[in-house]
Amino acid sequence: VAVARQDEGISQSALTCPLEPLTLPLFAATPAATIGTPAPIDTQAPTDEPSVEVRDQIGESVGVIIACANTGEPRFTFAVFTDRYLASLFTGDEAAYQPAFERQLTQPATPPSSPLVLQELRSVRLLPDGRAIVELVIAGDTTLTDTLVLVQDGEYWLVDDVLELSPPA
């Protein structure tokens, strides 16, 4: 459970997210371009089935990702992504405007009208570099089938890339 108090501007719902919230300045003021972007994903590369233990860890982490999204608190919602993935949003031809994103982190919580629920963890495949491609079905206001790349970061597996969102964001 995140160590936070209501008087720190964190809602009670955010206490269900065990991840540390994003803080400003992002990346400890390191320029996004120097952090690097997620390594390319070869979806045709040979993959391995994870052990039962690793699959369970990934399943638990997917539960954490959903719990953090359900808080509606931007600092927790975006805490499910690796710094590398977030930094990639601010570089390249279609870069997001980082100051606007940082302002978004200070906005009040807006939890989803229907909490997100994991319906199915369809597949988990381990890539040679240690990351995992996961396909999952999430229900809320609508049903989504997402394909994400997760990487272990401490206790949890975080989103390191998004391969497919259905319906697209």
Kindly work out whether a path of hydrophobic side-chain contacts (I/L/V/M/F/W/Y, heavy atoms less than 4.5 Å apart) joins [X] to [Y].
X: Ile133; Y: Val137; result: no
X: Val149; Y: Val151; result: no
X: Val117; Y: Leu148; result: no
X: Phe81; Y: Ile138; result: yes
X: Phe78; Y: Leu24; result: yes

Is it true that a side-chain atom of [X] and a backbone atom of [Y] form a donor plus acceptor pair closer than 3.5 Å?
X: Asp129; Y: Arg131; value: yes
X: Asp146; Y: Leu136; value: no
X: Thr77; Y: Glu73; value: yes
X: Thr47; Y: Arg125; value: no

Nearest-0.5 Å distance, [atom1] of residue [X] to [atom2] of residue [Y]:
X: Leu158; Y: Thr82; atom1: CG; atom2: OG1; value: 7.0 Å
X: Leu19; Y: Glu155; atom1: CG; atom2: CD; value: 9.0 Å
X: Leu86; Y: Leu22; atom1: CG; atom2: CG; value: 6.0 Å
X: Ser123; Y: Arg55; atom1: OG; atom2: CZ; value: 7.5 Å
X: Asp161; Y: Ser88; atom1: CG; atom2: OG; value: 6.5 Å
X: Ile35; Y: Tyr85; atom1: CD1; atom2: OH; value: 14.5 Å

If every non-hydrogen atom of [X] is compared with every non-hydrogen atom of [Y], which pair is closest and at what distance?
X: Ala132; Y: Trp157; result: CB-CZ3, 3.9 Å
X: Gly140; Y: Leu116; result: CA-CD2, 4.1 Å
X: Pro74; Y: Gly72; result: CD-O, 3.4 Å
X: Phe76; Y: Cys68; result: O-CB, 3.6 Å
X: Val124; Y: Pro50; result: O-CD, 3.3 Å

Considering only distance and modelled atom types, tabulate donor-acceptor pairs under 3.5 Å from the side chains of residues 108-115, sequence neighbours left out.
residue	atom	partner	partner atom	Å
Ser113	OG	Asp141	OD1	2.9
Ser113	OG	Asp141	OD2	2.8
Ser114	OG	Asp141	OD1	2.8

Next on the checklist: Using side-chain contact (heavy atoms from CB on, under 4.5 Å), reason through Leu144 and Thr142 one step at a time and then give a plain yes or no.
Outcome noted: CA-CA 6 Å; Leu144 310 167; Thr142 187; 3.8 Å; yes

Checklist entry - Any Lys/Arg nitrogen of Arg84 or Asp160 sitting under 4.0 Å from an Asp/Glu carboxylate oxygen of the other? => result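 Salt bridge present between Arg84 and Asp160.
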
Item to check | Partners meeting salt bridge (Lys or Arg N to Asp or Glu O under 4.0 Å) with Arg122 (sequence neighbours left out) | outcome: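 Arg122: salt bridge (Lys or Arg N to Asp or Glu O under 4.0 Å) contacts with Glu120, Glu135.
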
Anything under 3.5 Å between a donor and an acceptor, one on a side chain of residues 97-104, the other on a protein residue two or more places apart or in another chain? List them.
residue	atom	partner	partner atom	Å
Gln98	NE2	Glu102	OE2	3.0

Next on the checklist: Walk me through whether Thr147 and Val134 qualify under side-chain contact (heavy atoms from CB on, under 4.5 Å).
Outcome noted: CA-CA 6 Å; Thr147 305; Val134 298; over 6 Å; no

Checklist entry - Side-chain contact, heavy-atom cut-off 4.5 Å: Phe90 with Leu26? => result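 Sidechains of Leu26 and Phe90: in contact.
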
Checklist entry - Do Tyr156 and Gln57 pass the side-chain contact (heavy atoms from CB on, under 4.5 Å) test, and can you show the C-alpha distance, the side-chain angles, and the key distance before you say yes or no? => result CA-CA 7 Å; Tyr156 299 104; Gln57 289 173 348; over 6 Å; no

